[in-house]
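Here the structure comes first, spelled out in C-alpha cells, and everything after it is commentary.
We use all heavy atoms of the structure for the numbers below, so side chains are in, but hydrogens, waters and symmetry mates are not. Chain identifiers are assigned alphabetically (A, B, ...) following the order of the sequence lines, protein sequences preceding nucleic acid strands; residue numbering begins at 1 within each chain.
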Protein chains: 2
Amino acid sequence: MARVGKPRGSSRRDHFGDAVYAQIKADIFDFRLLPGARFSENEVARRARVSRTPVREALMRLEREGYLQVHAKSGWSVCPLDFAQFDHLYDLRVVLELAAVQKLCAGKDIAALDRLRAIWLVSPSLRVVDGAKLARMDEEFHSTLVAAAGNPEVARIHHGITERIRILRRLDFTHPERIIYTYREHAEILRALLARDADRASALLRAHIEASRAVVQTITLHRLHLAHLDAKPSARTNGAARKPAAARAPRRR
Amino acid sequence: MARVGKPRGSSRRDHFGDAVYAQIKADIFDFRLLPGARFSENEVARRARVSRTPVREALMRLEREGYLQVHAKSGWSVCPLDFAQFDHLYDLRVVLELAAVQKLCAGKDIAALDRLRAIWLVSPSLRVVDGAKLARMDEEFHSTLVAAAGNPEVARIHHGITERIRILRRLDFTHPERIIYTYREHAEILRALLARDADRASALLRAHIEASRAVVQTITLHRLHLAHLDAKPSARTNGAARKPAAARAPRRR
DNA sequence: GATTCACGGTTTGCATGGAATCGCCGACGC
DNA sequence: GCGTCGGCGATTCCATGCAAACCGTGAATC
C-alpha cells in the first residue's frame, strides 16, 4: 500500500480512483495485502495521499469484483481465499478457452497466433526461465488465444478470470519442471491449432489447464504465506498482516 | 428516473447507492432512459432526493457494467445500443448454457429441474400468454439451467449477460407464435435433459437461442423507440429522450 | 470470578464545498 | 458571410464536514 504514483508537479487528469484501485490490486497480487487483512478507508487515503472519496471509489469497485469486502461501519478486509471458488473459476476458464479454440479452428484467420509462435515455438536455449515472467507469459498466451477468437465480451470475462486466479498462477511456476511442461504444452497446443485440429487442440488445452489446476490445488494458505515472506522479506507487514489468512486482525491504532 | 423508493419516516440502512443504481437500471430497461440520453449527476440527485455521492457510486457502477458512459466534465449518457456487442453476448450465452447442459447431463442431480417441469411441461390451456411475463420466465428458465449446473461463477457471469440483453429479450415475445415456440422448445429441451441426452439437449438449446437471436436481430432502433412509446405513452420524455439513439442531445437547462 | 451495560473512539455512509475543465455562445476580425 | 478566440456557465472530480452505527473497554453488579 505504497503511495500512489502521482507524477510530481504535472497534474495528470487520470482519476485518482483508478490509481488507488490499481495500487490496492497490485498490493493484493504481490502479497503486500494478505487475505483477511483489515484496513480502513482513512488508512488507505493517508498512504495514497488522497482523500477518502477516490479511495472509496476504488474499494467499492474492488468489492464488486470480489477482492474486498466491507464490514458495516467497521472497516474493510481482503476476501479470504476461497479455493472452491478458484475451482469454479478454473472450470469457467476451461469452458471459455475451449470455445475459443473451437472457433479458432473453424475460422479462417489465425494470423493472430503468429506472435505466439515466435514466443513459444523456440529452441530450449531461448526459453524464459524466470517463474514470475513465465506466469505473465502464460497469462498472455491464454488471453491471446481467447482474444484471437474475436469475441470481445468473452475476452473481457476471461480477462477478469485471469486476474482473479493470478494470485495462484504465480505459484504455478515455482518448480522448474512446470516451466518445461508449460513450454511443451503450449507448443503442442499451438501446433494443433495451426493444423486446425480442433479435437486435439481442445484435449491438449483441457489437459494443460487441468494440470495447472492440479498444481495450484496443492497450494495451501501456509504456502502462500511462505511465498509472501520469501518474495518480500522486507515488505511492510503490520501485526495483522503477519498472521495467516484466517487471523482476526486486532484493531489498529 | 422517478424518485428513489425510500420508505417515509423509517431510516432504511440499505445503501442509497444501491437504490439509485436499481432505479437507473430499471429506467434503462423500461425505456424511460433511452440510449444516447444525457444527464448530469445533479439531475439524478435531485430526482432521487439524495446527494451526489451515492448517485456517483451508482453511475460509476453502471459505467463499469457497460450501461452508461461518462464524458469528462460534460455529463453522463446512456450507452448507445451496440448490436455487434449483443451478438457477442448471445454467443457467450450459448457457450455458457451449452456447458451447463453438458454438465447437467453428466451429473447426477437434476432434481433442480423439477420446478422447471412444473412451469413448462403444462397443458396449453395453463400457459402464460403475457409477453412481458413470459420474458421474465424465459430469463428464469435459462438462469435456472445454468445455476443447476452448480458453478456459481458461471451463474454470476450468465446473470450479467442476461441483464445486458434484457432490453432486447423484452421484444422477443411480442409475436404470439414466439410464445408458442418458446413453450415447445423449452419443453423439448427439458425432456432431453431429463433423458440425459446431452447431444440432443445441446442442439435444441442452441437452436432455441439462435432463433431468439434471429428475432432480435430484426429489431431496429426505430422499433425500440416505438415499443417505448407504446409501452409508456405518458412517460416522461424530454427533448433529448424523444430522439432515437444516435441523436445528439442538446444541453439541458 | 463472571456477566452486563454504558461510554468513548473509530469507521462507514452521506452531504456539501471548492477547484479544474469542458463545451457552448457570442463578439470580433477579416 | 465565415472562421477564430475569449468568456462563462455547467459539470465532474476531489476534499472535507457530519451523523449514525459498531466495536472494544472497563466499571459496576450479581
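The shortest side-chain heavy-atom distance between D91(A) and K103(B) falls under the 4.5 Å cut-off. Looking only at side-chain heavy atoms (C-beta outward), L92(B) and L96(A) come within less than 4.5 Å of each other.
A side-chain donor-acceptor contact under 3.5 Å links E41(B) and W76(B).
A search for ring-ring contact (aromatic ring centres under 6.0 Å, His included) contacts involving F141(A) returns W120(A), H186(A), not counting sequence neighbours.
In this model, the phosphate group of dA15(C) is not approached by any side-chain N or O of R52(B) to a distance below 4.0 Å at OP1 or OP2. The phosphate of dC22(D) (OP1 or OP2) has no side-chain N or O of S74(A) nearer than 4.0 angstrom.
Between the CG atom of L68(B) and the C1' atom of dT12(D) there is a distance of 15 Å, rounded to whole Å. We find that CZ of R46(B) is positioned 11 Å from P of dA10(D), with the value rounded to whole Å. dC14(C) atom P lies 8 Å from atom CG of D18(B), rounded to whole Å. Whole-Å rounding puts the H15(A) NE2 to dC14(D) P distance at 6 Å. In this structure, CG of N42(A) is placed 11 Å from C1' of dT16(D), rounded to the nearest angstrom. When rounded to the nearest whole Å, the span between CZ of R38(A) and C1' of dC22(D) equals 11 Å. The interatomic distance linking F16(B) (CZ) with dT12(C) (C1') rounds to 14 Å, in whole Å. The nearest whole Å value for the distance from the OH atom in Y21(B) to the C1' atom in dC14(C) is 20 Å.
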Using a cut-off of under 3.5 Å, enumerate the N/O to N/O pairs linking the protein to nucleotides 4-6 of chain D.
none

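Interatomic distance, S212(A) OG to D138(A) CG, rounded to the nearest 0.5 Å: 7.0 Å.
Here dT12(C) is the nucleotide among dC14(C), dT16(D), dT12(C) with the atom lying nearest to any side-chain atom of W76(A). Closest to the R56(B) side chain, of the nucleotides dT16(C), dT12(D), dT16(D), is dT12(D).
Relative to the ring axis of Y67(A), R164(A) places its NZ or CZ within 45° and under 6.0 Å from the centre.
No hydrogens or angles were tested; on distance alone, a donor-acceptor pair under 3.5 Å links the side chain of K73(A) to the base of dT12(C).
A residue-by-residue look at A72(A) and T53(A) shows that A72(A) has its nearest nucleotide of DNA chain C further toward the 5' end.
Between R93(B) and E97(B) a salt bridge is recorded (basic side-chain N to carboxylate O distance below 4.0 Å).
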